[in-house]
Amino acid sequence: MNIDFLAHPAEEVAPKLLGTVLTRKTSEGTVSIAITETEAYSGMADPASHAYRGRTARNATMFGPAGHLYVYRSHGLHWCANVVTGTDGIASGVLIRAGRVIEGEELARKRRGAKVESPRLARGPGNVGQALGITAECNGADLLTGTSVMLSEGEPVPAALIRVGPRVGVSKAHDWQHRFYHADDPTVSAYRLSPRAKPSAEA
């Protein structure tokens, strides 16, 4: 994995991230997931992006450089992981919506709950963060050269098995076709339309 892989708009990188491996190492141990579902967010051109209204202290990581992790807290409960993409200075990122645990399943289950079935361990962005042990301290981590959070090559998902659809649970630009997922993979999260969603212009 190198910077050239990520130095493109989020909607181009998002499908290529399917099958890549996101790893988090902590004092508890290591958990790795093969990514099965992603969503692209196009920065200041995207009404659903955290960077839509410009750069702030909270979203600064999204503005680059590519290859870093942007972490935010959803609904005050869960930490969500995003891979920063594109050109330095222009906000662009890919939300990791789901993955299949390929290393550290016992630790992931300890974090998620003993009764959680394997396909559900990292299904949904909040569960991805919980299973991996992502926290605020991971924000800005270098995914290409770091040692605590890393993105690496895996087994690419064949193009014939990649599906595209609208993003989940967002109220603005929800109908943009910026969600990419591995067809028929049991770890992929269910589609939910936000009750506040309204039709919007296509990207």
Side-chain angles (χ1 to χ4, degrees), residues 5-22 33-52 59 62 66 69-72 74-75 77-86 90-102 116-132 134 151 153-203:
F5 183 91
L6 301 172
H8 301 279
E11 60 271 24
E12 295 180 16
V13 177
K16 296 194 299 181
L17 284 174
L18 298 176
T20 60
V21 176
L22 184 61
I33 64 168
I35 296 171
T36 59
E37 182 184 5
T38 60
E39 280 181 347
Y41 288 87
S42 305
M44 295 178 68
D46 185 347
S49 171
H50 288 175
Y52 182 58
N59 67 26
M62 273 196 78
L69 193 71
Y70 167 53
V71 176
Y72 69 88
S74 176
H75 305 296
L77 297 172
H78 306 294
W79 296 106
C80 298
N82 303 258
V83 177
V84 177
T85 67
I90 300 176
S92 179
V94 177
L95 172 66
I96 308 305
R97 281 205 57 87
R100 181 176 64 258
V101 177
I102 59 175
V116 176
E117 298 175 353
S118 294
R120 300 180 63 87
L121 288 173
R123 179 192 291 171
N127 294 332
V128 167
Q130 188 175 7
L132 286 171
I134 298 294
L151 183 68
E153 294 180 6
E155 184 175 343
V157 175
L161 294 178
I162 296 177
R163 299 291 182 267
V164 183
R167 295 181 290 198
V168 178
V170 296
S171 59
K172 298 179 180 178
H174 69 92
D175 46 2
W176 288 17
Q177 302 295 294
H178 281 190
R179 176 181 175 233
F180 304 87
Y181 57 97
H182 188 166
D184 302 322
D185 192 293
T187 65
V188 172
S189 61
Y191 175 74
R192 298 186 309 278
L193 177 66
S194 168
R196 297 177 291 116
K198 296 181 181 180
S200 58
E202 182 56 70

Can you find a heavy atom in the side chain of [X] that is under 4.5 Å from one in the side chain of [Y]?
X    : Y    : value
E11  : D46  : no
R179 : V188 : yes
K172 : Y52  : no
N127 : V116 : no
L132 : I96  : no
M62  : N82  : no

Identify the two heavy atoms, one from [X] and one from [Y], that lie closest to each other, and give their separation to 0.1 Å.
X    : Y    : answer
A173 : R167 : O-NH2, 3.0 Å
A122 : V128 : O-CG2, 3.4 Å
C80  : G126 : SG-N, 4.2 Å
T85  : G93  : OG1-N, 3.9 Å
P9   : S92  : C-OG, 4.0 Å
T187 : A98  : O-CB, 3.4 Å

Answer yes or no: does atom CZ of F5 have more than 12 heavy-atom neighbours from other residues, nucleotides or ligands under 6.0 Å?
yes
In Å, rounded to the nearest 0.5 Å, how long is the span from [atom1] of [X] to [atom2] of [Y]?
X    : Y    : atom1 : atom2 : value
K16  : H8   : NZ    : NE2   : 4.5 Å
D185 : L18  : CG    : CG    : 9.5 Å
Q130 : H78  : CD    : NE2   : 6.5 Å
D175 : L193 : CG    : CG    : 9.0 Å
D184 : L161 : CG    : CG    : 7.5 Å
S42  : E12  : OG    : CD    : 10.0 Å

Before you tell me yes or no, could you show the steps for L151 and L6 under side-chain contact (heavy atoms from CB on, under 4.5 Å), namely the whole-Å CA-CA distance, both residues' side-chain angles and the distance that decides it to 0.1 Å?
CA-CA 11 Å; L151 183 68; L6 301 172; 4.3 Å; yes
Before giving the answer on side-chain contact (heavy atoms from CB on, under 4.5 Å), spell out for T38 and V13 the whole-Å C-alpha distance, their side-chain angles and the decisive distance to 0.1 Å.
CA-CA 10 Å; T38 60; V13 177; over 6 Å; no
After noting the C-alpha distance and the side-chain angles of I134 and L69, does the key distance pass the side-chain contact (heavy atoms from CB on, under 4.5 Å) rule?
CA-CA 10 Å; I134 298 294; L69 193 71; 4.2 Å; yes
Using side-chain contact (heavy atoms from CB on, under 4.5 Å), reason through H178 and Y41 one step at a time and then give a plain yes or no.
CA-CA 8 Å; H178 281 190; Y41 288 87; over 6 Å; no
Quick check on side chain to side chain donor-acceptor pair (under 3.5 Å): which of R97, R120, R123 does S189 satisfy it with?
R97
Quick one: does any side-chain atom of R100 pair with a main-chain N or O of P186 as donor and acceptor, under 3.5 Å?
no
Please work out whether the ring planes of Y72 and Y70 are parallel, tilted or perpendicular, with thresholds of 30° and 60°.
tilted
